[in-house]
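A note on names: the letters A, B, ... follow the listed sequences, proteins ahead of strands, and every chain is numbered from 1.
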Amino acid sequence: MTTERYNPRTAEPKWQKAWADAKLFETQTEAAGEKYYVLEMFPYPSGRIHMGHVRNYALGDVVARYKRAKGCNVLHPMGWDAFGMPAENAAMQNKVHPAKWTYENIDTMRKQLKSMGLSLDWSREFATCDVEYYHRQQMLFLDMLDKGLAYRKKSKVNWDPVDMTVLANEQVIDGKGWRSGAEVEQRELVQWFFKITDFADDLASALDSLPEWPEKVRLMQRNWIGKSEGLMLRWALAKGTAPDGEREVTVFTTRPDTLYGASFIAVAPDHPLAQKAAEIDPALEAFIAETRRTGTSAEAIETAEKKGYRTAIEAVHPLDETWRVPVYVANFVLMEYGTGAVFGCPAHDQRDLDFARKYDLPVRPVVLPPHEDPVAFSVADKAYVEDGVIYNSQFLDGKSPDEAFEAVAEKLEASDLFGAPQASRKVNYRLRDWGISRQRYWGCPIPVLHCESCGVVPEARENLPVKLPDDIDFEKPGNPLDRHPTWRKATCPVCGGDASRETDTMDTFVDSSWYFARFTAPRADEPTDPQAANAWLPVDQYIGGIEHAILHLLYSRFFIRAMRECGHLDLDEPFKGLFTQGMVVHETYRDGREWVAPVDVRIVEADGRRVATRISTDTPLDIGGIEKMSKSKKNVVDPDDIIASYGADTARWFVLSDSPPDRDVIWSEAGVEGAHRFVQRLWRLVTETAPKLPNAAGAPGTDGAALEIRKAAHRTVAGVSDDIERLAFNKAIARVHELVNQLSAAFGKIDPANAGETAAARDALSMLTRIVAPMMPHLAESLWEVLGETGLAAAAPWPQVDDSLLSDDTVTLPIQINGKKRGDLTVPAAAGKAEIEKAVLALDVVSAALAGQAPKRLVVVPGRIVNVVV
RNA sequence: GCGGGUGUGGCGGAAUGGUAGACGCGACGGACUCAAAAUCCGUUUCUGGUGACAGAGUGUCGGUUCGAGUCCGACCACCCGCACCA
């Protein structure tokens, strides 16, 4: 009998239409079943979907379809993170309006996503650049302003003096503007901030209430928030050394126990003391100007060479007024953190030690490592940061660092400097408030007005939305909103006088900080429908890239707290379960300097070596490293091409198999073909077996081949369910392979006249179809049809597992001698330790190894292993 | 620089502290075919041996344990994030 090959090109559109016609994935809040909200991070509409998207949405779709089969009321929406810089770059380069560019991209990408056969509720779709969406975001902003969660302050930006524009950190390359090549400067602007620090403590401690988040993400967030308990410590400045009017400097320190090891104070270049000192010291002024040429990113600042400028100022040691330490201005001290001033203890901090060596400052150890001789111990080029005993420290000698911390704190809290305590305890956070101002066009306008008589006033709620103007000009440098001839002109809602609009737009992270809440009631007039939001949230399973581990997730966690304060929902955390997927990576190829795309490359294996040649010219190519797919290195594979030639199911199956989803997956052509072969193999197995099962309606048999088939099927379903719950799709797929191998072998021997066997086979195929359905939904529908099942596979319930088929009567234990496997022993599953011991000692290998002696030790782990120690 | 992660056959990977290499890819051998593709069967960690088998083996070095890929310490390499990329 010949079987036609499965043709995804006809089957996939057919089933996609069947699902859409049945409105299978349009979710009703009131529908029956336990609610389950699955969400993948929504895409930026860059133009076309890439393999990373395919992987992300395939992962989420498996969960969505599985939970639906398990009887849950599943919400699985999709939208677009549509504001941002690339649209403006496209506008500048191609003279296309950002809105047109964005919406055209969305149309393309929606079509591509639909070809994947995702079980999405498209009726809830929106883009963050839709006026309907950013209108509600402006409402949220006003509410937050009202609650004191939004405010203005000065902050630094990267300024390109040629393009007259603010640059993003990624647009600063080696300290120069990416377009103009001009030396970037730091500039201070008054900008809008959200008060995320109000929630710093809760954002850190509530991480403990998120057991379904990866431990690493919780750790990263905890470190990012960076709670530290320390001392605000005031140092008097030595008379005659300080600028006029300055008499003290406050440092924040977590190590007051090392105070007797202090050898310098360092302040940030924009610390008031540094600014004041620079007024009378041109060399210092030049040094500070020099530090402003570093970009504003922490990375740029911290990887820059550590430099300091020794001012004339000296500080008086808080515990010894005869002791003076020099005050430096240093490029690695950040004004945003603590007080913008630190004291350096070189012996017990590596950065301080490097600084001290560079500027020849004293290095005095005050913490003695255990078992070290106090006279001989010294610090050379490695600071000692571990625990020990305090010495060289007067009244602190002999204490532990913790005790010394307490002693210093108590003493200095009680002592007086200029009429106030010299020190106070302080809990400090590394987390800074969230600067949301962007000097760009393609973002959500901040709904605020500047009135000459009333100052900064919020736009009236009824005047919202503040819409972006359509007629804009990207020809000239700078912010198009700022330059617009009329857009800025407005009326003050307080006094009715002339006012001008705020031209800053919001960081696009704001857009993505609450979209998951909007999905629960996407057309509501208010930002949320609190009832719907409270019913659906938190998101049960959120899936996205690890690159969002800190900012996006932290901002979203902040936002639901802010929204709760404003009454938009009542929720502790936005995402109950979080899964961070790995990237899709691909080999790179280059012809000299030029990168070559995989579609233009032919790989031939010769003598065990892989050789790449360019197809068009037959020239040999260098095979480079395996890297994240990126346009610049051309190592991208277009999902459209894959879906067109192999079908969506093959693409989905491939990205789900092999690699565990939290790790990177290497895209390879061979792997895709393997996946496609499996699609055809499943099709063959079912279409060739089904006609042999004419009388399969009865009960499956309970012995012989029938029992074996049933055991295999039920065990696989149990295992696959378990794997999907844990998002271990690669393991689920391995199990499906195993089952198919087993069934193929078993079906060859089936007696078509044996009703027990044919029924078992039929059941097994039905179960197999349902467990592959979340991963290969189109193929599953076609198989479902061949099997003569009714309805759609996508609407079929998950197969029930008969637990009695999961265990065996006997178990085979590996027998180790001194930890090395030397034999096997099969015993009844219920056998006790004593029984096993007796049987083990009777084994030939064991008695030979013992040579008449008693074993030194006999470790029996029932059901697992036996180890005989001789 | 700081924070986080990863490292296992030719390759992707599997393995509640308990038989290292499931499953897949590739390769090799065989069947089918006039032939090829497709498909099916078998072999495939390395070294030695015809073989039974023996030894080695999870980035490197050390430790804990009857037993370590898994736990602990140090190191190496690579990847992600660092607040205006999304």
- Euclidean distance, atom CG of residue A:Leu551 to atom P of B:G3 [Å, nearest integer]: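 After rounding, the reported distance stands at 18 Å.
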
- Query: Tell me: NE2 of A:His737 to C1' of B:A14, nearest whole Å?
  - Reply: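 Checked: the NE2 to C1' distance equals 13 Å.
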
Can you see whether [X] engages [Y] through a side-chain donor-acceptor pair at a distance of less than 3.5 angstrom?
X	Y	answer
A:Asn223	A:Arg218	no
A:Gln137	A:Asp511	yes
A:Arg681	A:Asn741	yes
A:Asn158	A:Thr296	yes
A:Thr197	A:Asp433	yes
A:Arg557	A:Gln221	yes

Phosphate oxygens OP1/OP2 of [N]: is one of them under 4.0 Å from a side-chain N or O of [X]?
X	N	answer
A:Asn223	B:G4	yes
A:Thr508	B:A86	yes
A:Arg432	B:A83	no
A:Asn741	B:G24	yes

- Item | For RNA chain B, the residues among residues 78-89 of chain A that have a non-hydrogen atom under 4.0 Å from it |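 A:Asp81, A:Gly84, A:Met85, in order of number.
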
- Task: Please list residues of residues 164-171 of chain A whose heavy atoms come under 4.0 Å from any atom in RNA chain B, ordered by number; otherwise none.
- Result: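 RNA chain B contact set from residues 164-171 of chain A: A:Val166, A:Leu167, A:Ala168, A:Asn169, A:Glu170.
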
Between [options], spot the one nearest the side chain of [X], thanks.
X	options	answer
A:Arg440	B:G13, B:C84, B:C82	B:C84
A:Lys731	B:A83, B:C84, B:A15	B:A15
A:Glu547	B:G81, B:A83, B:A15	B:G81
A:Ala734	B:A22, B:A83, B:A14	B:A22
A:Tyr44	B:U19, B:G1, B:A86	B:A86

Just list the side-chain donor-acceptor pairs under 3.5 Å for residues 331-338 of chain A, sequence neighbours left out, or say none.
unit_1   : atom_1 : unit_2   : atom_2 : d
A:Asn331 : OD1    : A:Lys307 : N      : 2.9
A:Asn331 : ND2    : A:Glu305 : O      : 2.7

Please list, chain by chain and in numerical order, all residues satisfying side chain to side chain contact (heavy atoms under 4.5 Å, CB included) with [X], sequence neighbours excluded.
X	result
A:Pro86	A:Tyr44, A:Trp101
A:Thr812	A:Asp824, A:Thr826
A:Val736	A:Trp653, A:Phe678, A:Val720, A:Val740, A:Leu768, A:Ile771, A:Val772

- Message: Going by the rule side chain to side chain donor-acceptor pair (under 3.5 Å), which residues pair with A:Asp352 if we only count those two or more places apart in sequence or in a different chain?
- Response: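 Side chain to side chain donor-acceptor pair (under 3.5 Å) list for A:Asp352, sorted by chain: empty.
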
- Message: Applying a 4.0 Å non-hydrogen cut-off, can you work out what A:Val866 is touching in the nucleic acid: base, sugar-phosphate, or nothing?
- Response: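 Nothing, no heavy atom under 4.0 Å.
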
- Query: Does any N or O donor sit under 3.5 Å from an N or O acceptor when you compare the side chain of A:Gln350 with the base of B:C2?
  - Reply: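 Check fails, no donor-acceptor contact within cut-off.
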
- Message: Can you say whether a donor on the side chain of A:Glu302 sits under 3.5 Å from an acceptor on the base of B:C82, or the other way round?
- Response: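 Such a pair does not exist between side chain and base.
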
Under-3.5 Å N/O pairs linking protein and nucleotides 6-12 of chain B:
unit_1 : atom_1 : unit_2   : atom_2 : d
B:G7   : OP1    : A:Arg663 : NH2    : 3.1
B:G12  : O2'    : A:Ser659 : OG     : 3.0
B:G12  : N2     : A:Asp658 : OD1    : 3.0

- Distance, P atom - from B:A14 to B:G62, rounded to whole angstrom: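 Comparing P positions in B:G62 and B:A14 gives a spacing of 28 Å.
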
- Message: Let me spell it out: for each of A:Arg351 and A:Asp824, pick the nucleotide of RNA chain B with the closest heavy atom. Which residue's pick is nearer the 5' end?
- Response: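 This one resolves to A:Arg351.
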
- Task: Kindly indicate whether the side chain of A:Lys833, heavy atoms from C-beta on, has any atom under 4.5 Å from the side chain of A:Pro862.
- Result: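 A:Lys833 vs A:Pro862: side chains touch.
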
- Heavy-atom contacts, protein to nucleotides 56-74 of chain B, under 4.0 Å, summarised as B (base), S (sugar-phosphate only) or - (none) per nt, yield S---------BS-------

- If the sugar-phosphate is the primed atoms plus P, OP1 and OP2 and the base is the rest, what is the B/S/- string for nucleotides 36-44 of chain B, using protein heavy atoms under 4.0 Å? ---SS----

- Query: Can a salt bridge be assigned to the pair A:Asp354 and A:Arg351 using a cut-off of 4.0 Å between side-chain N and carboxylate O?
  - Reply: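 So A:Asp354 does not pair with A:Arg351 through a salt bridge.
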
- Message: Taking the ring centre of each residue, are A:Trp434 and A:Tyr555 less than 6.0 Å apart?
- Response: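 Ring centres of A:Tyr555 and A:Trp434 closer than 6.0 Å.
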
- Its dot-bracket string being built from Watson-Crick and G-U pairs below 3.5 Å, with | for another strand and [ ] for crossing, RNA chain B has the pattern (((((((..(((.....[....)))((((((.......))))))((((....))))..(((((..]....))))))))))))....

- Query: Applying salt bridge (charged side-chain N to carboxylate O under 4.0 Å, His left out), which residue pairs with at least one partner in residues 730-742 of chain A are found, sequence neighbours left out?
  - Reply: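 Checked against salt bridge (charged side-chain N to carboxylate O under 4.0 Å, His left out) - neighbours excluded - the pairs reaching residues 730-742 of chain A are A:Asp723-A:Arg735.
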
- Just label B:G9 as syn or anti from its O4'-C1'-N9-C4 or O4'-C1'-N1-C2 angle, using within 90° of 0 for syn.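 In terms of base orientation relative to the sugar, B:G9 is syn.
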
